[in-house]
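Everything below concerns the one structure shown next.
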Amino acid sequence: MNKDFDIKNLIRDNVAGLLPYSSARDEFKSTGQEMVFLDANENPFDNAHNRYPDPQQKALKNRIAELKNSHQNQILLGNGSDEVLDLIFRAFCEPRRDNIITLPPTYGMYNVLADINAIQKREVLLTENFELKENDILEKADEQSKILFICSPNNPTGNTFQAEKIEFLLDNFKGFIVIDEAYADFSSEESWLKSINKYPNLIVTQTLSKAYGMAGIRLGMCFASTEIIAVLNKIKPPYNVNKLTQEKALERLHEQKAVGNEIAKIKRSRGFLAKALKEVAFVQKIYPTEANFILAKVDNAEKRYNELKEKGIVVRNRDNQPLCRNCLRFTVGTKSENKKLITALSEIQ
Ligand SMILES: *Cc1c(COP(=O)(O)O)cnc(C)c1O
C-alpha cells in the first residue's frame, strides 16, 4: 500500500476550495409529480432536444456501473477521454509548478495537454522491447510529479505491461497513476478497473471510441475512488456530455453481443494481418499487440507510407517517435480493407 498517498495534498489549491457549479437542473429534486420546468430558460416547445441533458448522466452511468461492476460515484464521463484527461490535469496540476511523467513511445495527447495546461513534461523511455523502467520512473519523480501516464495496451506499440511492475508503481509513486485503457477490450489481460478500491492513487480511463465503434459520439469514461471522482465533478462543465451522446451510448451499451462479435472479428483479422505482414519483404519486424492495430518496422517508413498513400491507403507513420525508427502503425480494418492493404503491400515490394 502507498502509505504516503493523501489526495488532499495533491488537489490544486483553487480547486480544493471550489463548490461544484450548481446548474438549474442540479438544484431541482424530483417530487414524482408532473412538473412545469420554468427554471432553465429553455425554449418550451418540445422537439425532443429542447431541454438540457442530465448533468450527471445517471441512466448512462447506471448501465456502465452494471457492465463494469463499478459504482456511479466512482465514474466520471466526459466528451471523449481527451476531456477526462484534461479534467485530471486541471484538478491536480498547478501550472508552472507541477510536472507529469509520460513513457514514450506513447499517446501524444498527454504531452499536448501538459503544454496547454503549462505543466512540465518528464519522459522516461520504455525499454527496446517496450517494457516499463519502473525504477527509472521513480527516480525521475519528485514532490511535484502529480501524474504518471501508463497507456496499456500502449499506443502505438500495442503491448501491455507486466502487472507486477504496474503494482510496484502504484505502491511507490506518490502522485496519481492514470492507466489509459482505450484498447483494453482488445486485450487478453484483465482491466485495472478491479483495482480502484485497492489503490487510492489509481485512475483508469476507457472510451467508447475504439472497440465500441462510437468515436463519433465522443464518450470517455473515468473510473477512480469516490474522492477522486468528487474532485473531478467539481470542475467538469455541467453539461459536458450532450443528450444525443448519452442516448446513443446507452443504446450501444445494450448491444453487448454485437460489440463482442465485432471485437472477435477484429482480433481474428489482427492475426491474419500480422501473418500477412510477416510475408512482406520490406517488413523487418512485427511487434506483439493486444490492441486493434499492429506496429511494424519496415526498411523505410517514409517511402512505404507514401507508396501506400499513392494506392489510396492511409496508415500512421510513427518514425518520429522514440524507439519507433521506421515504424508504421496499421489499424485493423474490415476483411476487405485488410485485403486491399495486403494487395497494395505486395504490389510495392
Ligand atoms: C484513441 C485513444 C483514446 C481515445 O480518446 P477519445 O477522446 O475517447 O476518443 C484515448 N487514449 C488513447 C491511448 C488512444 O489511443
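Each ligand, and each atom within it, is numbered from 1 in the order the structure gives. Since the structure is predicted, the reported quantities are computational estimates derived from the model, not experimental observations.
Aromatic rings of F149 and F89 (six-membered ring for Trp) have centroids within the 6.0 Å cut-off, being under it.
The shortest N or O to N or O distance between K210 and ligand 1 is under 3.5 Å.
Of the listed residues (N154, L208, D180, N155), the one carrying the non-hydrogen atom nearest atom 12 (C) of ligand 1 is D180. Comparing G80, G216, C151, P156 by heavy-atom distance to atom 13 (C) of ligand 1, the nearest is C151.
When the side chains of ILVMFWY residues are joined at heavy-atom separations under 4.5 Å, either directly or via intervening members, F186 and F272 end up in two distinct hydrophobic clusters.
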(message) ring-ring contact (aromatic ring centres under 6.0 Å, His included), that's the test. Do F176 and F5 meet it? Break it down for me.
(response) CA-CA 9 Å; F176 298 97; F5 185 84; 5.5 Å; yes
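Using 4.0 Å as the threshold, A215 has no heavy atom nearer than that to any atom of ligand 1. Within the 4.0 Å heavy-atom shell around ligand 1 one finds R218.
In this structure, D180 and L85 approach most closely via the heavy-atom pair OD2-CD1, 4.5 Å. Taking each heavy atom of S81 and Q206 in turn, the nearest pair found is OG-O, 3.9 Å.
Listed by number with element, the atoms of ligand 1 under 4.0 Å from a non-hydrogen atom of A182 are 2 (C), 3 (C), 10 (C), 11 (N), 12 (C), 14 (C). For ligand 1, the atoms closer than 4.0 angstrom to any heavy atom of Y183 are 1 (C), 14 (C), 15 (O). The contact set between ligand 1 and S209, taken as ligand atoms under 4.0 Å from a residue heavy atom, comprises 6 (P), 8 (O), 9 (O).
Note that CD of Q246 and OH of Y239 are 11.0 Å apart. Values are rounded to the nearest 0.5 Å.
Residues R318 and P105 fail the side-chain proximity criterion, which asks for heavy atoms closer than 4.5 Å.
Nearest to atom 5 (O) of ligand 1 among the protein's heavy atoms is S81 OG, 3.3 Å.
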